[in-house]
Undergrad: 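Pasting a structure here, questions to come.
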Amino acid sequence: MSIAKKPLIVITGASSGIGLATARLFSGLGHPLLLLARRLAPMEQLGLPNTLALAVDVTDRAAMLDAVAQAERQYGPADAIVNNAGVMLLGDITQQDPDEWDRMLDINVRGLLNGILAVAKGMVQRQHGTIVNVSSIAGRKAFPNHVAYVGTKFAVTGLSENLREELSPHGVRVVTIEPGAVETELLGHTTDEGIKQGYQAWKQDMGGVVLSADDVAGAIGYAYNQPQGVCIREIVLAATRQQA
Ligand code: NDP
């Protein structure tokens, strides 16, 4: 009996957290993968079969396009991209270094658009494919010290809905994933120690148990593994004890 070959899946931000968990999940299901992040070692250390891991900054448009083209030559057309790479630099808007706003806008929004650019045309030509954009519950509502980050995630949620409407006549699905707090490296890049402590205290208030990266990977896998005629447009998930 011949087993159908699984198609290529591209995952950005695969060197830690949600992206890394998603890489493990899809590899376990037999997909060849293109893994992208700036740090190569954690992706290579996964030791996943049929996987091309490349050190690519998602803000580098040419490098993103080259990486996807290279993986497609090796494994065939990308059937899905998980646009997951992101940074969260929380800050008091009156105090925060505006360079941090720029970094978040560049990575979370422009970087994500680069991922879309790398696959959308091919998917439309093939009338098949799935674009998964990792937004956040902060793409739907406000949180303290989140102004610029919330701005980037509202942008992701908004552009994803627009993209879904534009690609749906071509049989291409667009899925928006909006997690609440997840235990990953994400908070570690915030530079304001007081805000970091406040965020940790908030997590303790909900019993210290937030989502795991595997929980979010499971939601991404669930959406992708529906029949192509079924589009799970949006998944909002958070720890049961997360009130806000
Ligand atoms: P992590 O910090 O663990 O992972 C972020 C990933 O993004 C890393 O692999 C990092 O790799 C990559 N990344 C960051 N900047 C770039 C860049 N310029 N180019 C390429 N890759 C980059 O955090 P999470 O797993 O939590 O975050 C993943 C996504 O989930 C983000 O979009 C985040 O906003 C979102 N999210 C997270 C929540 C949480 O509570 N953790 C809640 C809701 C949404 P490297 O540094 O090697 O480049």
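Each ligand, and each atom within it, is numbered from 1 in the order the structure gives. Worth knowing before you read on, the calculation uses all heavy atoms, side chains too, and leaves out hydrogens, waters and symmetry mates. Each residue takes its place number in the sequence, starting with 1.
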Undergrad: Which label fits Phe26 and His31: parallel for a plane angle under 30°, tilted from 30 to 60°, or perpendicular past 60°?
TA: perpendicular

Undergrad: Looking at ligand 1, does Ile107 have a heavy atom less than 4.0 Å from it?
TA: yes

Undergrad: What is the distance from atom CD of Gln74 to atom OG1 of Thr51, rounded to the nearest 0.5 Å?
TA: 9.5 Å

Undergrad: At a non-hydrogen distance cut-off of under 4.0 Å, which region of Val58 contacts ligand 1 (side chain, backbone, both, or neither)?
TA: both

Undergrad: Quick one: nearest non-hydrogen protein atom to atom 14 (C) of ligand 1, plus distance?
TA: Arg38 NH2, 3.4 Å

Undergrad: Can you name the side-chain contact (heavy atoms from CB on, under 4.5 Å) partners of Ser212, sequence neighbours left out?
TA: Asp214, Asp215

Undergrad: How does Met88 reach ligand 1, by side chain, by backbone, by both or by neither, if only non-hydrogen atoms under 4.0 Å count?
TA: neither

Undergrad: Heavy-atom distance under 4.5 Å between the side chains of Ile18 and Ile177, does that happen here?
TA: no

Undergrad: Measure the distance from atom 24 (P) of ligand 1 to every protein heavy atom, then report the residue, atom name and distance (to 0.1 Å) of the closest one.
TA: Thr184 OG1, 3.4 Å

Undergrad: Looking only at heavy atoms of Glu183, does any of them come nearer than 4.0 Å to an atom of ligand 1?
TA: no

Undergrad: Less than 4.0 Å is my threshold; does some heavy atom of Ala21 fall inside it relative to ligand 1?
TA: no

Undergrad: Can you pull out the closest protein heavy atom to atom 5 (C) of ligand 1? Residue, atom name and distance to 0.1 Å, please.
TA: Gly86 O, 3.7 Å

Undergrad: Using a strict cut-off of 4.0 Å, indicate which atoms of ligand 1 neighbour a heavy atom of Val56.
TA: 19 (N), 20 (C)

Undergrad: Check each heavy atom of Asp106 against ligand 1 and say whether those closer than 4.0 Å belong to the side chain, the backbone, both or neither.
TA: neither

Undergrad: Do Tyr75 and Leu52 come within less than 4.5 Å of each other through their side chains, counting heavy atoms only?
TA: yes

Undergrad: Give me the residue, atom name and distance of the protein heavy atom closest to atom 9 (O) of ligand 1.
TA: Ser15 OG, 2.8 Å

Undergrad: Checking the N or O distance criterion of under 3.5 Å, is ligand 1 in contact with Ala37?
TA: no

Undergrad: Which heavy-atom pair separates Leu163 from Asn133 by the least distance, and what is that distance?
TA: CD2-ND2, 4.3 Å

Undergrad: Can a salt bridge be assigned to the pair Arg233 and Glu165 using a cut-off of 4.0 Å between side-chain N and carboxylate O?
TA: no

Undergrad: Do any nitrogen or oxygen atoms of Pro179 lie less than 3.5 angstrom from nitrogen or oxygen atoms of ligand 1?
TA: no

Undergrad: Please indicate whether any nitrogen or oxygen in Arg39 is less than 3.5 Å from any nitrogen or oxygen in ligand 1.
TA: yes

Undergrad: For atom 8 (C) of ligand 1, tell me which residue out of Gly111, Ser16, Ala239, Ala213 has the closest non-hydrogen atom.
TA: Ser16

Undergrad: When only distance counts, is Val182 in polar contact with ligand 1, meaning an N/O pair under 3.5 Å?
TA: yes

Undergrad: Consider ligand 1: state whether an atom of it lies below 4.0 angstrom from any non-hydrogen atom of Val210.
TA: no

Undergrad: In terms of residue, atom name and distance, what is the protein heavy atom nearest to atom 37 (C) of ligand 1?
TA: Leu186 CD2, 3.4 Å

Undergrad: In residues 115-128, what donor-acceptor pairs under 3.5 Å come from side-chain atoms, sequence neighbours left out?
TA:
from   : atom 1 : to     : atom 2 : distance (Å)
Arg126 : NH1    : Gly122 : O      : 3.3
Arg126 : NH2    : Ala78  : O      : 3.0
Gln127 : NE2    : Val124 : O      : 2.8
Gln127 : NE2    : His170 : ND1    : 3.4
His128 : ND1    : Asp79  : OD1    : 2.8

Undergrad: So that I can tick it off, tell me whether Lys196 and Glu193 are bridged by a salt bridge, with the cut-off set at under 4.0 angstrom between side-chain N and carboxylate O.
TA: yes

Undergrad: Please work out whether any backbone atom (N, CA, C, O) or any side-chain heavy atom from C-beta onward of Ala14 is under 4.0 Å from ligand 1, and answer side chain, backbone, both or neither.
TA: backbone

Undergrad: Which value, rounded to the nearest 0.5 Å, describes the distance between Ile107 atom CD1 and His189 atom NE2?
TA: 9.0 Å

Undergrad: Just going by heavy-atom distances, which of Ser136, Ala181, Gly180 is nearest to atom 42 (C) of ligand 1?
TA: Gly180

Undergrad: Evaluate the ring planes of Tyr149 and His146, with Trp represented by its six-membered ring, and classify them as parallel (under 30°), tilted (30 to 60°) or perpendicular (over 60°).
TA: perpendicular

Undergrad: For atom 12 (C) of ligand 1, grab the closest protein heavy atom and report residue, atom and distance to one decimal in Å.
TA: Gly13 CA, 3.5 Å

Undergrad: Verify the neighbour count for atom CD of Gln243: are there more than 12 heavy atoms of other residues, nucleotides or ligands below 6.0 Å?
TA: no

